[in-house]
Structures are given as structure tokens and as C-alpha cells.
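Chain identifiers are assigned alphabetically (A, B, ...) following the order of the sequence lines, protein sequences preceding nucleic acid strands; residue numbering begins at 1 within each chain.
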There are 2 protein chains.
Amino acid sequence: MVERRSHAPTIIDVAEHAGVSRATASRALSGYGRTSAATVERVRRAADEIGYRPNELARAMRAGSTSTIGLVVIADFTNAFFDRATKSIVDAARKRGYQVLISNTDEDPDVERGAIETLLEKQVDGLIVFPSAIGHSEHLEAGNLGGRPLVLADRRLDDLGVTTVTTDDFTGTREAVRNAVGLGHARLGFLITAANIAGQTTARPPALISSVRDRADGFAAGAADAGIPPEDQVWHFSEDVPESSEAAVAEMLDLASPPTVIFTSNNDMALSVLKVAGSRGLAIGREVSLVTVDDSPWAAYMVPGITVVARPVEQLGELAVERLVAEIESPGQPVEDIQLPTELIPRASVADLRSPAAGR
Amino acid sequence: MVERRSHAPTIIDVAEHAGVSRATASRALSGYGRTSAATVERVRRAADEIGYRPNELARAMRAGSTSTIGLVVIADFTNAFFDRATKSIVDAARKRGYQVLISNTDEDPDVERGAIETLLEKQVDGLIVFPSAIGHSEHLEAGNLGGRPLVLADRRLDDLGVTTVTTDDFTGTREAVRNAVGLGHARLGFLITAANIAGQTTARPPALISSVRDRADGFAAGAADAGIPPEDQVWHFSEDVPESSEAAVAEMLDLASPPTVIFTSNNDMALSVLKVAGSRGLAIGREVSLVTVDDSPWAAYMVPGITVVARPVEQLGELAVERLVAEIESPGQPVEDIQLPTELIPRASVADLRSPAAGR
DNA sequence: GCCGTTTGCGAGATCGTTCTCGCAAACTTG
DNA sequence: CAAGTTTGCGAGAACGATCTCGCAAACGGC
């Protein structure tokens with residue numbers, strides 16, 4: 001039975017309907033202090049009858065906590081990273097009684113700043129941030145967060161001294177190189193996003209986002225492990241747009257002696273390899289080999305399957321929530337830098353150059 | 001300069017610091033009523049100096065609106081639907097000054113009910129719901145929403161009489177059939193999710209979620225258009241898990257005379273076709289043709305490219321936000337049932353059976 | 001039957017804002 | 001220069017919940 005007054009029923013309406021005071025109604029429903037069983041029953045029934053729904057805003061204001069965490073992500077589709085991370089965070093938060101206020105920065109630091117400001121004004125209990133850029137992170141410093149805890153995900157910001165959950169992309173990429181070299185590859189291409197130096201082909205990248213830097217360092221380490229000389233490492237930087245990375249792939253394949261395998265630092269670039277190689281009639285896993293970071297159902301089932309460095313994205317999301325909630329509910333947790341292990345999943349996109357039949 | 005008191009600075013602190021009253025400070029910062037320019041300046045500076053951040057909770061309580069919308073989605077990865085929809089909704093909401101509180105139901109009606117209850121308690125101004133199931137939708141009726149507007153996305157719930165934004169999957173699937181038949185296909189397989197009747201192979205599905213039903217009806221209509229008799233339509237229902245759909249694909253391909261083309265109602269099932277066909281050495285676009293609903297970067301760039309019915313998911317998200325915000329800001333909008341046009345993108349996964357060279 | 005303890009409940013303060021009033025000072029006008 | 005109008009500001013109520021107190025009634029023991 002819905003009341004016909006315009007405003008939603010409040011606890012005062014419940015109290016009136018049950019013939020008790022505001023305080024008693026609150027006690028009966030929230031179950032603190034002393035209330036007789038009969039009164040509890042009467043108040044509960046009254047609340048049901050008038051369709052009472054507690055106003056969480058008022059409760060939060062009194063209590064000083066909203067049971068809401070702010071999530072600031074970078075939505076990129078193709079890597080299936082955004083959705084896997086978001087879903088795992090939303091689910092993990094719900095399990096612990098928290099809701100998620102989500103913001104997307106699209107890698108724009110100004111948007112990130114504004115999003116965080118808004119989330120703080122909405123009094124989130126804590127923040128999980130996938131930082132959009134290195135440098136310019138004053139807005140993430142403890143002093144500007146109003147004392148609310150922060151967990152960084154996917155990318156480290158070393159000078160911040162805050163708990164961070166990432167994947168070990170260094171080791172992952174290094175292993176990927178080891179695997180390809182083991183299959184006989186000796187000339188390696190590496191395609192990597194770095195908007196600021198797109199077009200460059202040096203092997204020593206400047207300041208990069210930690211996740212990208214780890215992959216670059218892992219590639220370099222893997223090549224060094226195998227004794228691949230610099231002249232057999234073809235580095236290409238590109239912007240994070242298809243045109244740029246496709247041009248880079250084309251340039252690589254146009255070399256007098258092109259790399260036999262291309263490592264890409266994300267799925268977008270792997271798709272560019274697929275596209276450019278396809279348009280030239282070069283078969284993946286035969287004429288061109290491919291390894292990328294991040295698994296996806298498509299990478300697994302297409303023919304040939306794509307060899308990938310799989311990252312435990314769901315685990316990353318869950319851990320971020322776990323650490324954040326721990327800090328919210330009992331402040332003073334030690335700062336941790338958690339690196340989750342990746343897994344190399346070898347499929348058919350890396351040709352075995354050792355077998356005599358290979359290469360047709 | 002951060003104050004050393006434990007609580008975050010409030011407008012009272014600003015007022016004290018500026019030597020004015022609470023009311024004047026509020027006026028100066030919010031810019032209503034009359035305030036002298038000098039006072040505005042003084043208050044602004046005071047706010048800056050003590051690092052004042054308005055408490056949106058308090059403002060929302062007073063104002064009766066939170067500038068927050070609740071989003072209830074079904075997170076399924078492979079279709080790249082969740083992330084595209086979520087991103088477009090979050091971005092469109094931000095553009096209009098709204099934040100998004102997100103919940104994932106994983107298609108569980110009980111979770112959906114609880115999520116909506118929580119969102120309403122948090123006083124969202126409106127809801128966008130991707131409903132998880134037909135029937136059992138009392139919790140979505142206007143009376144149980146405390147007067148807050150609702151927009152349904154992706155799936156219709158006809159008895160609710162609420163504004164709904166969907167894609168025209170009926171026409172999309174019908175066109176896909178027309179396209180395949182035009183290329184010479186005369187025996188058609190259709191793979192569709194319907195947990196309740198998994199394993200069935202009848203052509204008349206029972207109560208289905210509207211999006212799935214539309215695709216089934218579109219397939220039936222397309223087959224009828226082309227005069228394909230029922231015995232040349234191979235319908236297969238499966239649960240929304242790989243094992244189930246893979247079994248269905250295997251069954252289809254094991255028929256004495258298997259369909260030459262398989263239509264799948266989502267990307268999960270298309271991947272199952274890829275997997276099962278791949279494991280049998282059947283080449284897509286040669287021995288087996290494939291069409292699916294929902295485009296993705298992978299579908300475009302793999303070899304062969306997958307023919308798809310592309311849905312304007314971003315537009316769907318934006319429109320849902322637009323309609324919802326319109327209703328929030330000026331109630332009494334007409335109820336609309338918006339169907340966005342889909343687009344058939346022909347690629348190489350459907351073999352041209354008319355060409356003599358086909359099939360080798 | 002008296003005094004001390006427990007029990008149940010209500011009055012009122014509080015969280016941080018916004019906004020309506022009313023009041024005094026500063027202007028305008030004839 | 002008196003009367004009316006505008007300007008700037010402060011006091012206090014309101015949003016809807018929680019929670020601390022204090023008070024009265026009921027209960028206990030001797």
C-alpha cells in the first residue's frame with residue numbers, strides 16, 4: 001500500500017504509523033539499543049505497509065561512510081581489460097557490501113582529476129584508480145584525498161607510496177621472448193604504445209607508463225638472455241590508434257629482412273598485425289609469427305590460436321578491492337606493491353622455425 | 001594548507017576563516033542570492049586556503065537529487081557488449097553532469113532485485129536496467145521505484161510500459177539470412193541461447209528474452225522469405241556456457257547433411273563454432289560458413305573476417321542516458337520504444353556457394 | 001513494602017548543506 | 001531631508017537518518 005503523499009515515506013511516517021517515536025522506530029529497524037519484541041514487530045509491519053525504504057544518504061551523512069568506492073578506469077575495449085577489471089571489481093565490492101561509482105578517463109589526466117574530485121565530493125569511502133599517466137599525480141597525493149584510502153591498479157606510480165596491484169608484465173614478456181627464441185626465432189619485432197615518441201624506433205624508451213615500460217624491459221631482458229644483438233631487435237613505437245600501429249607494422253614487414261616474430265604490447269596492436277599481414281596474404285603462424293599481451297576468447301579460438309601473455313585481470317580487480325576495503329575498515333594497513341604472475345599460453349601463432357617443414 | 005583537525009573542512013570552517021556567516025559562505029560559493037563581490041572573493045580564498053571540498057551528500061539531501069544514475073547490467077565479456085554499453089553510458093552521463101553507480105546481475109533476478117533496492121536507497125535519480133529475465137519484474141514497476149524514472153535497455157519488458165531502447169535484431173538477423181541465401185546457402189543452422197530448453201531443436205521457441213526472441217523470429221522470417229522449408233532449418237538451443245554450445249555445434253556438424261552456414265545469436269556461440277570447426281579441420285568461410293550478431297575488432301581482422309550483424313551499442317547507451325535524463329529533468333516524457341537499426345557487415349566467413357571454385 | 005536495577009521509550013542534538021526570512025545599512029528619489 | 005527601495009548579511013529551519021541521554025515504569029531481592 002503506497003501512501004498518496006508526494007514524498008517517499010520516511011522513518012517519521014513509519015513511527016507515526018506504528019504509534020511510536022522516531023527513535024524507537026529507528027532502533028527497531030536497525031536493531032541497536034533496547035526494544036521490546038512486540039514493538040519491533042509492530043514497527044516492521046508498519047514499515048512494510050507504507051513501503052518504507054531507508055534513505056541511505058541520511059544514514060551515510062550521520063555515519064560518515066557511504067559504503068561506496070570510487071572506480072576510475074581507462075576504458076579500452078579491445079584488450080577486454082576494462083570489462084574484466086570492472087566486472088571483477090563491481091562483484092568483489094558487492095560481496096563486501098560496497099557499491100561502485102564508476103568514472104572513465106579515456107586516458108585524459110584532466111578528466112581523471114575532475115572525476116576524482118567528484119567522487120570525493122560524493123564521499124566515497126575509498127578509491128581504486130587505474131592512473132592515466134605518469135607525472136602530474138598531485139591530485140592523487142594523500143593530502144588531496146581528504147584522508148580517504150587509495151589503491152592503484154595496473155600501473156605503478158612510484159613516488160606516491162600507495163598500495164598498488166599490477167601484473168608482472170616484465171617476466172611475462174621475457175618468457176614470451178624465451179619461448180619464441182626457443183622455437184628458432186632470431187630476429188624479433190616489438191611494437192609498443194608510446195604516443196609521445198610515435199614513429200621512433202630506438203630501443204631505449206623514455207618515460208613510459210609502468211605497464212608499458214615493464215613490457216619493454218621484459219622484451220629487452222628476454223632478448224639479452226638469448227643473446228639477440230640490438231640489430232636483430234626491431235623496436236617500433238606508435239600511438240594508440242589503429243592508423244599509427246598499422247603503419248608501424250607495415251614498416252616492419254617492409255624491411256629488407258623483416259622480423260620473423262612480432263611482439264605487441266596489447267591486443268589493439270596485435271589486431272593491427274592481423275590486419276596488415278592479412279591484407280598482404282601473409283599467414284599468421286607461418287610467414288609472420290605473433291605474440292601479444294592479454295588473452296581473449298578470440299585469441300584462443302581463432303585459427304591459428306594466438307600465443308599470449310595472459311594476465312590475471314579478475315584477480316587484479318579482486319585484490320584491489322580487498323586491499324582497499326581492508327584499509328577502509330581498519331586503517332593503517334602496510335603499503336604493498338603486489339605483482340601478480342602472468343602466464344604464457346603458447347598457441348599456434350608462433351611458427352616453429354626449427355622444424356624442416358616450416359615456412360612451406 | 002590543510003587544517004590539522006581530524007574532520008574534513010566544512011562550510012562552517014570556511015565561514016569562520018572568512019569571517020562571515022554560514023549562509024553567506026554558501027551563497028558566495030554557490031552563487032545564488034546577493035553577495036558583494038568583495039565577500040565572494042574573500043570566501044573563495046578562504047575555501048581554497050583551508051582546502052574546502054563541498055559535501056555532495058549534504059547537498060543532495062537538501063536538494064533531493066543526487067545527480068547519480070543507477071546502472072544495472074549483465075556483464076558478459078565475449079560479446080564486448082557490457083563494456084561498450086557501460087562506457088557509452090558512463091561517458092554520456094558525465095557529459096550531462098551525472099555519475100553512474102554500477103551493478104552487475106550476472107543474469108540473476110534475485111541479484112537484480114537486490115541491486116535495484118540498494119540503488120534506490122542510495123537515492124539515485126533514475127535507473128537504466130538491462131533486465132535479466134522476462135517475468136518476475138514486479139520490482140521494476142513504477143510503484144516500487146519510489147517515483148524514480150526507469151529506462152530499459154537491450155531487452156523489452158512489454159507489460160511494464162516504460163521507455164525502452166533496443167536494437168532491431170529482428171531485421172538484422174533477417175537480412176543476414178537473406179545475404180547467405182543470396183550466396184547460395186540453402187540449408188541453414190541456427191544456434192541460440194535459451195537455458196530453459198537447452199538441447200531442444202524445435203523451431204518454435206517458448207518464452208524468450210526479447211533480444212533472443214527477435215533474432216529467432218528474424219531468422220525464421222528470413223528463412224520464410226527465401227522459401228527455405230523447415231527441414232532445411234536446423235535449430236539448436238543451448239545454455240550460455242561453452243560446453244553446451246560446443247556440443248550443439250558438434251551435433252550440427254555431425255548431421256548426415258549438415259547446414260552450410262551457421263547463424264549464432266551472440267559471439268560466445270560464434271566462438272564455439274570457431275573452436276569446434278577448427279578442431280575438425282573445417283575452415284570457416286570454406287567448409288563451414290558463419291554469421292553472428294555483434295561486431296568486434298577481432299571479427300573484423302581475423303582471417304577470414306566474420307560476417308556480422310553489427311549493433312549500435314554506443315548509440316544505445318547514449319540514447320538510454322538521454323531519455324533517462326530527459327525524464328529526470330522534466331518528468332512526463334512520453335513512453336517510447338526505440339529500436340535502433342542494425343547493420344549487416346559482410347566479410348569472408350560466408351562462402352559464396354554460387355562460384356564454381358568454391359568448396360575446392 | 002522498600003530500594004536498587006533493568007527495561008523500554010522519547011526528546012533533542014547531530015551530520016553539512018541550502019534556502020527562506022527578516023533586519024539593518026546603504027542607496028535612490030521627489 | 002524624509003520616505004521608499006535596494007543591497008548585503010545572519011538566524012534558523014529543513015532534508016532523514018542515528019545515537020546519547022534521561023526518565024518512568026517494571027522488575028528484582030531481602
Side-chain donor or acceptor of [X] under 3.5 Å from a matching atom on the base of [N]?
X: B:R22; N: D:dG12; result: yes
X: B:R27; N: D:dG10; result: yes
X: A:R62; N: C:dG16; result: no

[N] [atom2] sits how many Å from [X] [atom1], rounded?
X: A:L57; N: C:dT17; atom1: CG; atom2: C1'; answer: 11 Å
X: B:I11; N: D:dG10; atom1: CD1; atom2: P; answer: 13 Å
X: A:Q123; N: D:dA17; atom1: CD; atom2: P; answer: 19 Å
X: B:E121; N: D:dG16; atom1: CD; atom2: P; answer: 15 Å
X: A:I12; N: C:dG12; atom1: CD1; atom2: P; answer: 14 Å
X: B:D13; N: C:dC15; atom1: CG; atom2: P; answer: 11 Å
X: A:N55; N: C:dC15; atom1: CG; atom2: P; answer: 18 Å
X: B:R59; N: D:dG16; atom1: CZ; atom2: C1'; answer: 18 Å

Below the 4.0 Å mark, does [N] have OP1 or OP2 next to a side-chain nitrogen or oxygen of [X]?
X: A:T24; N: C:dG10; answer: yes
X: A:S36; N: C:dG8; answer: no
X: B:S21; N: D:dA11; answer: no

So, for B:P149 and B:I328, which heavy atoms are closest and what is the spacing to 0.1 Å?
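Shortest heavy-atom contact: CG-CG1, 3.6 Å.
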
Which pair of non-hydrogen atoms, one from B:P131 and one from B:R155, has the smallest distance, and what is that distance?
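In this case the closest contact between B:P131 and B:R155 is O-NH1, 2.9 Å.
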
Please identify which of these residues, A:I128, A:T164, A:D337, meets the side-chain contact (heavy atoms from CB on, under 4.5 Å) condition with A:L152.
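Running side-chain contact (heavy atoms from CB on, under 4.5 Å) over A:I128, A:T164, A:D337 with A:L152 returns exactly one hit, A:T164.
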
Which one, [options], comes nearest to the side chain of [X]?
X: B:A23; options: D:dG12, C:dC9, C:dA11; value: D:dG12
X: B:Y32; options: C:dG8, C:dC19, C:dT17; value: C:dC19
X: B:Y52; options: D:dA17, C:dA11, C:dT17; value: C:dT17
X: A:M61; options: D:dC15, D:dA17, C:dC15; value: C:dC15
X: B:R34; options: C:dT17, D:dT7, D:dC9; value: D:dT7

Anything under 30° is parallel, anything over 60° is perpendicular, the rest tilted; go ahead and classify A:F82 against B:F82.
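Taking B:F82 first and then A:F82, their aromatic rings lie parallel (interplane angle under 30°).
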
Looking across every strand, which nucleic acid part, if any, lies under 4.0 Å from A:S26 by heavy atom: base, sugar-phosphate, or nothing?
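Base: the residue A:S26, judged by heavy atoms under 4.0 Å, touches a nucleobase.
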
If you draw a 6.0 Å radius around CZ in A:R44, do more than 12 non-hydrogen atoms from other residues or ligands fall strictly inside?
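Atom CZ in A:R44 is not packed in, count stays at 12 or less.
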
